[in-house]
Asks: 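Following this message is one structure expressed as structure tokens.
Below, read A as the first sequence line, B as the second, and so on, with proteins coming before strands; counting in each chain starts at 1. Remember, it's a predicted structure, so these values are computed and weren't measured experimentally.
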Protein chains: 2
Amino acid sequence: MPDVYRALSDSTRREIMKLLKDKSLTQKEIVEAFDISQPAIKKHLTILLEEEIITVTVQGKYRLYTLNRDMLQQAFREMLHYIGDLLDDQLASLKKYVEKGEMKDD
Amino acid sequence: MPDVYRALSDSTRREIMKLLKDKSLTQKEIVEAFDISQPAIKKHLTILLEEEIITVTVQGKYRLYTLNRDMLQQAFREMLHYIGDLLDDQLASLKKYVEKGEMKDD
DNA sequence: CCAACATATAACCTAATAGTTATATGTAGT
DNA sequence: ACTACATATAACTATTAGGTTATATGTTGG
């Protein structure tokens, strides 16, 4: 099971996700956006891939990384569900929303 | 670095929060709900305390742990806000909910 | 007071994270 | 075919997380 908390627990990874918000990027472009080495970035990308938060497509010598919005959406929903259970009454309406899958899901 | 992601990133801690959903519990009661040692649980409780997700009151030889719903809510809102931003348009309605603090707040 | 119980702390282990540098592999353009 | 470039991998370091056992401390009832 993909663990979104693992993916989110590192600030560099959170930054990478932000970078990928609007457009897919090659590994090189991502590397250039940070001050850390290419292998370090690669490891973060591997973790994001493992948790299925991003996907990659090969294009010649490039690797193009893309945000997996479906997974993020699912994570979003799960988190809401979890916290909804904890906070119950306070969140009744929101919870219902989530459970019904009301959130424009494909 | 106090980090909400840190507190929520461990499943044992998330289980502890669930346990505390309906009632405050002593450390002993919490320990008994898991298969890991008392010092291990203690460490989780310390982290949750550091992130102010729970509070503790001393009662004689007991420590009574209580969920800090306000902080928990804030923590989740932060994470959801982050993910929501990544998803943008796709989640417009739900996102608004979270951002407006519709989840019982301020 | 003291024994039993609840909690705290110390010392230790292992695995995972997050980074490094150096080098290997794969691909494209000339 | 060679070279330059993009990516992958190997080997290493340091730190932290999550767990252990053993023991110390604090509290309470009898």
Asks: Are A:Leu49 and A:Leu20 in one and the same hydrophobic cluster, where Ile, Leu, Val, Met, Phe, Trp and Tyr link if side-chain heavy atoms are under 4.5 Å apart?
Replies: yes
Asks: So do the side chains of A:Glu51 and A:Val4 get within less than 4.5 Å of each other, counting heavy atoms only?
Replies: no
Asks: Given side chains that start at C-beta, do those of B:Val58 and B:Tyr62 come closer than 4.5 Å, heavy atoms only?
Replies: no
Asks: State whether A:Tyr5 and B:Arg14 meet the cation-pi test: NZ (Lys) or CZ (Arg) under 6.0 Å from the six-membered ring centroid, and within 45° of the perpendicular axis.
Replies: yes
Asks: Side chains of B:Met71 and B:Thr55: closer than 4.5 Å at any heavy-atom pair?
Replies: no
Asks: Is any side-chain heavy atom of A:Ile53 closer than 4.5 Å to one of A:Asn68?
Replies: no
Asks: If you walk 5' to 3' along DNA chain D, what is the first nucleotide with an atom under 4.0 Å of a heavy atom in chain B, and what is the last?
Replies: D:dA17 to D:dT28
Asks: Side-chain contact, heavy-atom cut-off 4.5 Å: B:Thr26 with B:Glu29?
Replies: yes
Asks: Rounded to the nearest angstrom, tell me the gap between atom CD in A:Gln38 and atom P in C:dT25.
Replies: 15 Å
Asks: Could you check which residues of residues 6-23 of chain A get a heavy atom under 4.0 Å from DNA chain D? Sort them by number, please.
Replies: none
Asks: Does the ring of B:Tyr82 carry B:Arg77 above it, NZ/CZ under 6.0 angstrom from centre and within 45° of its axis?
Replies: no
Asks: Do A:Glu15 and A:Lys18 have side chains that approach each other closer than 4.5 Å (heavy atoms only, starting at C-beta)?
Replies: yes
Asks: Just how far, in rounded Å, is P of C:dG19 from CG of A:Asp35?
Replies: 11 Å
Asks: Report yes if the side chains of A:Ile16 and A:Phe34 come closer than 4.5 Å at any heavy-atom pair, otherwise no.
Replies: yes
Asks: Within this structure, what is the CD1-to-C1' distance between A:Ile47 and C:dA18, rounded to whole angstrom?
Replies: 8 Å
Asks: Does A:His44 make a side-chain N or O approach to OP1 or OP2 of C:dT17 shorter than 4.0 Å?
Replies: no
Asks: So B:Thr12 and B:Ile36, do their side chains get closer than 4.5 Å, heavy atoms only?
Replies: yes
Asks: Calculate the interatomic distance between B:Ile41 atom CD1 and C:dA6 atom P; express it in whole Å.
Replies: 15 Å
Asks: If each of B:Arg63 and A:Lys43 is mapped to the nucleotide of DNA chain C with the nearest heavy atom, which maps nearer the 5' terminus, i.e. the 5' end?
Replies: B:Arg63
Asks: Round to a whole Å and report the spacing from CG of B:Leu64 to C1' of C:dA6.
Replies: 13 Å
Asks: Can you name the atoms? Protein N/O to nucleotides 1-5 of chain C N/O, anything below 3.5 Å, with the distance.
Replies:
none

Asks: Of A:Ile36 and B:Thr26, whose nearest nucleotide on DNA chain C comes first from the 5' end?
Replies: B:Thr26
